[in-house]
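Notes follow the structure.
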Amino acid sequence: MNVKEILTNLETKHPGEKEYLQAVHEVLESIEPIYNENPQYEAAGIIERLVEPDRVLTFRIAWTDDAGKVHVNIGYRVQFNNAIGPYKGGIRLHPSVNLSILKFLGFEQIFKNALTTLPMGGGKGGSDFNPKGKSDAEIMRFCQAFMLELWRVIGPSTDVPAGDIGTGGREIGFMYGMYKKLQLENTGVFTGKGLNWGGSLIRPEATGFGATYFAKEMLETNSDSFKGKTVTLSGFGNVTWGVASKVTELGGKVVTISGPDGYVYDKDGLNAEKIEYLLLLRASNNDIVSPYIEVFPEAKFFPGEKPWAVSTDVAMPCAIQNELNGDDAQKLIANGVKYIVEVSNMGCTPEAISLFHKNKLPFVPGKAANAGGVGVSGLEMSQNAMKMNWTKEEVDEKLHQIMSSIHAACTKYGAQQDGYINYVNGANIAGFIKVADAMLDQGVI
Ligand code: 2IT
């Protein structure tokens, strides 16, 4: 394989899709040696087939706001690869959403889902609709209009959507309700459902808890722990909340959270009351983090800045793609950061990752760290198929096993001769081999 040539071809075919090209580039760089050692992959055109989604559905969504004004948004579902199971991945509702972003997310999802050990393919969907500042009735009308198109291409064994940025329990409820009405079927077609209509315990916590379990294991392999460590987080949504809860429980001190408006530095660290407050802040629907300092005046707000300037032991970006760039990485390194766990999907730019690698700092990519979210989605699918529910303890135990097995896979495929573990290579290679071998078994399709 010639990575450069493949990328040049893709750039010509898909000009301007920068996030998608970035995600493909990272995976190809990691798998190049394995690919070239195994000529059967090249002979079956695995890469050429893997980098193009199986299909993409794009549609217009028309909905009416509370004042009676009509709005039009674009909806998407990218069905990327179903070699190891039904397409599986969240729905992102955010004004930045475009085809490139959903293709990058769908592509990453293939490898992430393979790492979970569960039978799930990769997909992603969403819309450029902005849920912030909308009433519940507006959200409902949008979700129903979105489903009027999406329902045709999804199904419990075909394609199983879930939440992502902007899509939480409320949105999944409205989407599921409309699916049920159109399909006349009550099946596990979504994950992240409400607990009394098929949802799994621990699903809301799973992404943040899973990332923290992974980080804990990585710290332990360095004879280290979260006890007494300062931890900087970005974001203030569901994932940040889950990480903050678990890190605090393990003795770490979470000193930052952030929003589009800037970051909050709380030198005392987040306690149970402050973590609980994150839920209120999110429910306020404003997408700003600054109200935190009105409730907890001992904290400081830094408008328009990112939390990576703060001196910390562990940095865990939890917000959105490319939120931590080369300059941020330089600041973290200069301030003595010891570990970086990317919890957001592709949260770090290639420049940042290469700086962490050069400095031999343990860096975990999102597709390994945040796989607990989709992992518990897989467990929700199993429970729905069995028509029964596992207890909180059972799900949490399985989540632990999933994160542990991802850590083991990253170590197996990412360990270098000097003992440094390149988790990026580890995650990409382990995920790739599983999917590529399944594709080989199934012929050229
Ligand atoms: O990025 C992700 O893995 C998710 N948004 C969760 C996807 C899922 O299907 O649970």
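Counting starts at 1 for both ligands and their atoms, following the listed order. Fair warning: this is a prediction, and the values are worked out from it, not measured in the lab.
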Under 4.0 Å between a side-chain nitrogen and a carboxylate oxygen: does that hold for Glu394 and Lys398? no
Check ligand 1 against Ala162 and write out every atom of the ligand that is under 4.0 Å from a heavy-atom position of the residue. 8 (C), 9 (O), 10 (O)
To check your reading of the model: name the closest protein heavy atom to atom 7 (C) of ligand 1, its residue, and the distance in Å. Gly90 N, 3.6 Å
Residue, atom and distance of the protein heavy atom nearest atom 5 (N) of ligand 1 read Asp164 OD1, 2.9 Å
Have a look at ligand 1 and work out which part of Asn345, if any, has a heavy atom under 4.0 Å from it: side chain, backbone, both or neither. side chain
Quiz question: by atom type and distance under 3.5 Å, do the side chains of Asp128 and Tyr76 form a donor-acceptor pair? no
Is it true that Arg92 lies under 4.0 Å from ligand 1, counting heavy atoms only? no
Of the protein's non-hydrogen atoms, which lies at the shortest distance from atom 10 (O) of ligand 1, and what is that distance? Ser377 OG, 2.5 Å
Any heavy atom of Gly163 sitting closer than 4.0 Å to ligand 1? yes
Using a 4.0 Å cut-off to any heavy atom of Gly89, which atoms of ligand 1 qualify? 9 (O)
Salt bridge check: are Arg203 and Glu380 linked by an N-O gap of less than 4.0 Å? no
Should Asp159 and Lys88 count as an ion pair when the cut-off is N to O under 4.0 Å? no
Between Lys112 and Asn370, is any side-chain donor less than 3.5 angstrom from a side-chain acceptor? yes
Mark up the atoms of ligand 1 that fall under 4.0 Å of a heavy atom belonging to Lys124, in ascending order. 1 (O), 2 (C), 4 (C), 5 (N)
Quick one: do Asp65 and Arg141 make a salt bridge, cutoff under 4.0 Å? no
To the nearest 0.1 Å, how far is atom 6 (C) of ligand 1 from its closest protein heavy atom, and which atom is that? Arg203 NH2, 3.5 Å
protein heavy-atom neighbour closest to atom 9 (O) of ligand 1 works out as Lys88 NZ, 2.7 Å
Side-chain ion pair, Lys392 and Glu397, N-O less than 4.0 Å: no
Answer yes if the side chains of His407 and Tyr423 hold a donor-acceptor pair under 3.5 Å, and no otherwise. yes
Under 4.0 angstrom from ligand 1, any heavy atom of Gln109? yes
Asp437 versus Tyr41, side-chain donor and acceptor atoms under 3.5 Å: yes
What protein heavy atom is closest to atom 3 (O) of ligand 1, reported as residue, atom name and distance in Å? Lys112 NZ, 2.7 Å
